A.B. asks: 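The structure under discussion is supplied below as structure tokens; questions concerning it will follow.
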2 protein chains.
Amino acid sequence: MTSDKIREVALRHFTRGGYEGASLADISAEVGIKKQSLYNYFTGKDELFFAVFRDVAAREMLFVEEYLKQNPLPLEKVLYGFLDGYRKRYEREDDTKFFLRMAFFPPRHLRQEIVEYCNHHLDAMGTLLEPFFESAASAGEMHPDVSAERATVAFTAVLDGMFVEMLYGDMERSLKRLDASWYVYWRGIRNS
Amino acid sequence: MTSDKIREVALRHFTRGGYEGASLADISAEVGIKKQSLYNYFTGKDELFFAVFRDVAAREMLFVEEYLKQNPLPLEKVLYGFLDGYRKRYEREDDTKFFLRMAFFPPRHLRQEIVEYCNHHLDAMGTLLEPFFESAASAGEMHPDVSAERATVAFTAVLDGMFVEMLYGDMERSLKRLDASWYVYWRGIRNS
DNA sequence: AATAAACTGACGAACGTTCGTAAGGGGTTG
DNA sequence: CAACCCCTTACGAACGTTCGTCAGTTTATT
């Protein structure tokens, strides 16, 4: 399907160049068609962008849902596995990088729509994550001084910290940061 | 000085639109001159960009140096004050936001030069920060299980996590994250 | 025959950049 | 004091390119 191919190539171009830096000429050339032919599938650049954006958001959410659907495990395993799973996915796919870029630096004229989408995404992610902390708290896996909410918020910060280091591109540094962040984070919330 | 004014306006435009999204026409219009007149001060867009970049990098480094120059304090105060000081600065100035944007998503044809600059910056920052952790470790302020290096790396991750939330723009969320991240981080490294 | 998907051609607008030039101020000469 | 030159700074006009987009036409599929 040509439409899928276009979205796939466009994702890569939007990720590397941003909205302004991605040109329809380059995208269509890589797909193997003329840029005017893109208009058989999308009404314009904005619609192509949002098609890509929706694809990415759906896959991101699916990834999180699928991971958290697994059988209940000790919190330590769930959380570290989550970080490591996301790390591996980040290496393979442009999805997360695209999503971060557009969340942080949206093109001005699409800003509002993007921000709304991202807020919804973050809320949904919090809703999926927090129960794990709450049941872990009930089970005595977490230190009683650390509330489930604080632990959740701090965990998403660890996740973002890892993303940021990966954005920057140095794999060795990323692993070192993941190790250090997780080590300190888990010491900070565990009950022992 | 017109050159300063240009750099000041250009900083704002580069921060909000990125390299590709910032146009010389818009910048010059806001300064109050025609775009051709920019060429009296800079040989082109790239040189203007690097002039801004160097200004920003210098101010960023100066901020860190000045803060850490203060009289020795307990590690807890130094680190939390560092986070909070950066938070306040972030609200006031575009410097950090510009720096993050260009570090994460540099324009392709300037990528190498930018990355080199950023690496130097990160190294210098590590060099300034690590001694605080090492002397704190010697003084018994940190838990013996946590190495100074791990604590340093995890701390810069906390800092980046805060930046990221501020990038996203919601102040309430940023403060909540700062609170949670710091609370968990300090529990993770303190000696008690 | 009908429909979808590719094409050619062209559009106005914006981009960064270059050229030639005019206005202004300062310093050195008559 | 006036005349000259020079250098800085601004500008209008135009350059060639690229941008996203629109219209009309051919090709291929069913």
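Predicted, not measured: the structure shown is a model, and the values here were computed from it. The analysis underlying the following values was restricted to heavy atoms, covering all of them including side chains, and did not include hydrogens, waters or symmetry mates. Letters A, B, ... mirror the listed sequences (proteins, then strands); counts begin at 1.
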A.B. asks: Distance check needed: D:dT27 P versus A:K34 NZ, whole Å only.
C.D. replies: 16 Å
A.B. asks: Using a cut-off of strictly less than 4.0 Å, decide whether A:K45 has a side-chain nitrogen or oxygen near OP1 or OP2 of D:dG20.
C.D. replies: yes
A.B. asks: Which one, D:dC19, C:dT17, C:dA5, comes nearest to the side chain of A:Y41?
C.D. replies: C:dA5
A.B. asks: Rounded to the nearest Å, what distance is computed from the CG atom of residue A:L38 to the C1' atom of nucleotide D:dC22?
C.D. replies: 14 Å
A.B. asks: Of A:A25 and A:Q36, whose nearest nucleotide on DNA chain D comes first from the 5' end?
C.D. replies: A:A25
A.B. asks: Quick one: B:E20 CD to D:dT17 P, roughly how many Å, whole number?
C.D. replies: 21 Å
A.B. asks: Can you check whether any acceptor in the base of C:dA4 is under 3.5 Å from a donor in the side chain of A:N40, or vice versa?
C.D. replies: no
A.B. asks: In terms of relative ring orientation, are A:Y117 and A:F53 parallel, tilted or perpendicular, with 30° and 60° separating the classes?
C.D. replies: perpendicular
A.B. asks: Cation-pi between A:R173 and A:Y168: NZ/CZ under 6.0 Å from ring centre and within 45° of the ring axis?
C.D. replies: no
A.B. asks: How close or far is atom P of C:dT17 from atom CD of B:E47, stated in whole angstroms?
C.D. replies: 11 Å
A.B. asks: Rounded to the nearest Å, what distance is computed from the CG atom of residue A:L110 to the C1' atom of nucleotide D:dG20?
C.D. replies: 14 Å
A.B. asks: Mark yes or no for whether A:R16, through its side chain, and A:G21, through its backbone, hold a donor-acceptor pair below 3.5 Å.
C.D. replies: no
A.B. asks: Base, sugar-phosphate alone, or nothing: which one does A:S37 contact when heavy atoms must sit under 4.0 Å apart?
C.D. replies: base
A.B. asks: Check the distance between C:dC15's P and B:H13's NE2 and give it to me in whole angstrom.
C.D. replies: 12 Å
A.B. asks: Can you spot which of A:V9, A:D4, A:T2 makes a side chain to side chain contact (heavy atoms under 4.5 Å, CB included) with A:I6?
C.D. replies: A:T2
A.B. asks: Starting at atom OH of A:Y39, determine the distance to atom P of D:dC19, rounded to an integer number of angstrom.
C.D. replies: 12 Å
A.B. asks: Give the rounded distance in Å between these two atoms: CD1 of B:I6 and C1' of C:dG16.
C.D. replies: 15 Å
